[in-house]
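Everything below concerns the one structure shown next.
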Amino acid sequence: MATKNFTIPLSEDDVRSLNVKDTVYLNGRIFTCRSQFQIRALEQHILPDLDFLTHNVMFHMGGIIKKEEDKWHVKSLLATSSIRFEKLGADIVRKLGLRAVIGKGTMGEETMQVMKAFGCVHLSWGGLMGNILAQRVANVVEVYELETLGQLEATWVLDVENFGPFVVSIDTKGNNLFHLVNEAVMMKLNDAKG
């Protein structure tokens with residue numbers, strides 16, 4: 001298990017150097033994503049005006065972001081469950097050329113296979129408090145579709161510093177931390193029965 005500190009945009013070499021259980025901190029620009037972002041991107045071909053070659057880290061997030069004196073302030077960032085986006089996960093990685101997806105939990109087999117082929121990892125948010133993670137946002141750069149979709153579904157572009165720690169839960173070698181943990185638990189249960 002290694003600890004890596006990367007600057008965004010991530011390269012394919014960056015993510016292929018990672019293994020499940022590694023710890024990752026990020027610096028640079030990320031964007032947030034929920035259901036409407038992915039539906040609009042894949043089904044309606046509507047995307048925010050972002051260069052996804054340089055914005056190649058997506059965060060499955062619902063947060064509390066407030067405007068005070070004409071400036072946005074991030075109060076809390078809460079990762080949302082990535083598995084709920086599995087139906088669209090593989091296609092969004094391919095379409096945008098993502099190198100990392102941050103979220104809670106894990107993703108399914110189809111997304112894992114695309115991540116392995118393309119060079120993308122899933123970074124899982126553990127027990128970090130949302131208000132602590134919010135302190136690692138240096139700046140709210142932009143918000144897209146706020147009036148159309150509302151605060152939770154809007155796309156937020158954030159400059160982050162020492163953002164994490166996140167654990168690599170899916171690497172580019174086809175490993176899934178949650179599957180490995182489940183297998184270890186089942187082995188212990190079988191040993192206890194045996």
Side-chain angles (χ1 to χ4, degrees), residues 8 10 15 20 23-26 28-44 46-48 50 52 55-67 72-96 98-112 114-115 120-137 140-160 162-171 176-179 181-182:
I8 302 164
L10 301 180
V15 297
V20 291
T23 300
V24 174
Y25 292 86
L26 298 170
R29 194 160 285 181
I30 66 169
F31 69 96
T32 69
C33 160
R34 286 177 70 97
S35 297
Q36 286 302 312
F37 175 93
Q38 295 180 81
I39 291 167
R40 287 159 64 92
L42 296 172
E43 296 177 7
Q44 301 168 17
I46 298 171
L47 282 167
L50 292 175
F52 292 101
H55 295 74
N56 62 4
V57 177
M58 182 174 78
F59 186 15
H60 291 154
M61 189 276 305
I64 300 169
I65 304 174
K66 295 189 174 183
K67 199 164 200 179
W72 289 105
H73 296 275
V74 180
K75 303 297 184 180
S76 184
L77 291 178
L78 302 171
T80 191
S81 296
S82 292
I83 195 67
R84 63 188 282 227
F85 306 118
E86 176 58 21
K87 181 179 175 185
L88 306 172
D91 289 339
I92 205 76
V93 168
R94 271 193 296 258
K95 182 177 182 77
L96 303 183
L98 299 176
R99 293 294 178 201
V101 176
I102 305 168
K104 188 164 57 177
T106 189
M107 298 198 76
E109 190 64 34
E110 186 179 356
T111 301
M112 284 177 57
V114 169
M115 288 180 163
C120 180
V121 294
H122 186 270
L123 303 176
S124 189
W125 175 37
L128 191 63
M129 298 294 290
N131 59 334
I132 301 297
L133 194 59
Q135 293 171 17
R136 298 180 185 159
V137 175
V140 176
V141 179
E142 186 63 81
V143 58
Y144 294 95
E145 303 294 348
L146 179 63
E147 292 182 9
T148 307
L149 301 176
Q151 189 176 38
L152 282 181
E153 290 282 352
T155 300
W156 296 88
V157 182
L158 309 172
D159 281 334
V160 298
N162 206 32
F163 197 61
F166 301 107
V167 175
V168 178
S169 57
I170 298 173
D171 64 21
N176 185 312
L177 177 60
F178 288 82
H179 295 176
V181 169
N182 286 341

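Reckoned from all heavy atoms, side chains included, excluding hydrogens, waters and symmetry mates. Since the structure is predicted, the reported quantities are computational estimates derived from the model, not experimental observations.
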Side chain of [X], backbone of [Y]: donor and acceptor closer than 3.5 Å?
X	Y	value
E153	Q36	yes
W156	Q151	yes
S76	G63	no
N56	L10	yes

Test side chain to side chain contact (heavy atoms under 4.5 Å, CB included) applied to F52 and L47, step by step: CA-CA 10 Å; F52 292 101; L47 282 167; 4.1 Å; yes
With side chain to side chain contact (heavy atoms under 4.5 Å, CB included) as the criterion, how do I39 and L88 come out once you've worked through the C-alpha distance, each side chain's angles and the decisive distance to 0.1 Å? CA-CA 8 Å; I39 291 167; L88 306 172; 3.9 Å; yes
Side chain to side chain contact (heavy atoms under 4.5 Å, CB included), that's the test. Do R40 and L149 meet it? Break it down for me. CA-CA 11 Å; R40 287 159 64 92; L149 301 176; 4.0 Å; yes
Could you tell me whether the side chain of [Y] reaches within less than 4.5 Å of the side chain of [X], counting heavy atoms only?
X	Y	answer
L123	L26	yes
V15	C120	no
I92	F37	yes
I65	H73	no
K104	T80	no
Q38	C33	yes
V57	I102	yes
L177	V168	no

To the nearest 0.5 Å, how far apart are [atom1] in [X] and [atom2] in [Y]?
X	Y	atom1	atom2	value
I170	N176	CD1	CG	5.0 Å
L98	H55	CG	NE2	12.0 Å
K67	L146	NZ	CG	8.5 Å
M58	R34	CE	CZ	12.5 Å
L78	I64	CG	CD1	6.5 Å

Minimum heavy-atom separation for G62 and L152, please, with both atom names. CA-CD2, 3.7 Å
Can you name the closest pair of heavy atoms from I8 and R29 and give their distance? CG2-O, 3.4 Å
Under 6.0 Å between ring centres: does that hold for F31 and Y144?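 No, they do not, as the ring centres are separated by 6.0 Å or more.
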Under-4.0 Å salt bridge between E110 and K87: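 Salt bridge between E110 and K87, a charged N being under 4.0 Å from a carboxylate O: no.
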Please check if any side-chain donor atom of E86 sits under 3.5 Å from a side-chain acceptor atom of T111, or the reverse.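 On atom types as modelled, these side chains qualify, holding a pair under 3.5 Å.
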Any donor-acceptor pair under 3.5 Å linking the side-chain atoms of S82 with those of H122?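 There is such a pair (donor and acceptor under 3.5 Å, judged by atom type) between the side chains of H122 and S82.
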Heavy-atom count around E147 CD within 6.0 Å, excluding the residue itself: above 12?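 Open.
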Apply side chain to side chain contact (heavy atoms under 4.5 Å, CB included) to residues M107 and H60 and explain how you reach the verdict. CA-CA 12 Å; M107 298 198 76; H60 291 154; 4.2 Å; yes
F163: partners by ring pair (Phe, Tyr, Trp, His ring centres under 6.0 Å), with sequence neighbours left out: F59, F166
Only one of V160, V137, N131, L133 clears side-chain contact (heavy atoms from CB on, under 4.5 Å) with V74; which?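 Exactly one pass, corresponding to V137.
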